[in-house]
Amino acid sequence: MQARRFGAELLLARPLAAVSADGPGYVAELSDGTLIRGRAMLFASGVEWRRPDVPGIDDLLGAGVYYGAGPSEALSCTGSRVVVVGGGNSAGQAVVRFSRYARQVTLLVRGRDLGASMSQYLIDHLSTIPNVDVRVRTEVVGLQADDRLRAVIVRSGDSTGTAPLPSDALFICIGGTPLADGAAGIGLVTNSAGYLLTGGDFASGPGGNWPLRREPLPLETNRPGVFAAGDVRCGSVKRCSAAIGEGSMAVALVHRRLSELGGD
Ligand SMILES: Cc1cc2nc3c(=O)[nH]c(=O)nc-3n(C[C@H](O)[C@H](O)[C@H](O)COP(=O)(O)OP(=O)(O)OC[C@H]3O[C@@H](n4cnc5c(N)ncnc54)[C@H](O)[C@@H]3O)c2cc1C
């Protein structure tokens, strides 16, 4: 309602199909062929998160089961038994943070070892933390709960048997796919996982040539006037409050770009 009150046109249920350059601005093509021209553009298209196929997991969202693990979550785990699923650096960093507050942190990894997906410095660090237990070749196959999570049921190695792991919180850090399909049409620079690079972070990468004399604005991609906010942006905190904050910040940055271009 607020967006409408300020005159924004909301185009629902028509996915963005492609983006191309249009003078100093851009043109977005929707799936039904509609073309929308703009002198600035904001990608706030989020991430398609991977979800483990565990019965009942969606019923426990917010009641012991969480996707991602932002820095703010660590304090709320004080004295708890925490399970983190995932083998990447984000999972490893979350385990380090949780270990400062939680009673016990168990990292569950499906693969044979962490080396394929996690930086060695993190692997080394995890091995020195007394309340951290890393279990490889282990996956979550079920959950025990009443009104909230009580235990994670795990299966390890080639065994067909399962065992409960008493847990107060389960954090799922198995990644996802950033939804920035239209970005390719205007050569937006991403990191290796496909997240949009902003604020000059693209400078050292291929295609990261910045064409203007001024520095890129904080949420600006390598194309002047194209911004990214929220989950799709590389380095953002994957949380609602962060996405909302970045979205509102982007409004001010779009205004700066529009005043730079002049005109109405
Ligand atoms: C299961 C789950 C639970 C979570 N729980 C919490 C929580 O408790 N607390 C918390 O703070 N965060 C939570 N998060 C994270 C939170 O949802 C995200 O950080 C937040 O929604 C990011 O906002 P965003 O605007 O960047 O992206 P999104 O909310 O993902 O919005 C992106 C929008 O863009 C649309 N879109 C994408 N591509 C296109 C296209 N080509 N054309 C048109 N539209 C497109 C999508 O359909 C979507 O509507 C959770 C995430 C998941 C998956």
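Computed from a prediction, not measured in an experiment: that's the story for all the values here. For ligands, and for the atoms within them, numbers begin at 1 and follow the listed sequence.
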- Message: Can you confirm whether Phe43 sits close enough to Leu188 that some side-chain heavy atom of one is under 4.5 Å from a side-chain heavy atom of the other?
- Response: yes
- Only one of Arg148, Arg150, Arg81 forms a salt bridge (charged side-chain N to carboxylate O under 4.0 Å, His left out) with Asp168, so which one is it? Arg81
- Query: Name the one of Arg97, Lys238, Arg239 that satisfies salt bridge (charged side-chain N to carboxylate O under 4.0 Å, His left out) with Glu73?
  - Reply: Arg239
- Query: Does the side chain of Gln93 come under 3.5 Å of the side chain of Asn89 through a donor N or O and an acceptor N or O?
  - Reply: no
- Task: Fit a plane to each ring of Phe171 and Tyr66, take the angle between them on a 0 to 90° scale, and name the class: parallel (under 30°), tilted (30 to 60°) or perpendicular (over 60°).
- Result: parallel
- Item | Val84 vs Val105 side-chain heavy atoms within contact, under 4.5 Å | yes
- Close residues (non-hydrogen atom under 4.0 angstrom from ligand 1) work out to Pro15, Leu16, Ala44, Ser45, Gly46, Trp49, Arg51, Leu61, Tyr67, Leu179, Gly230, Asp231, Lys238, Arg239, Cys240, Ala243
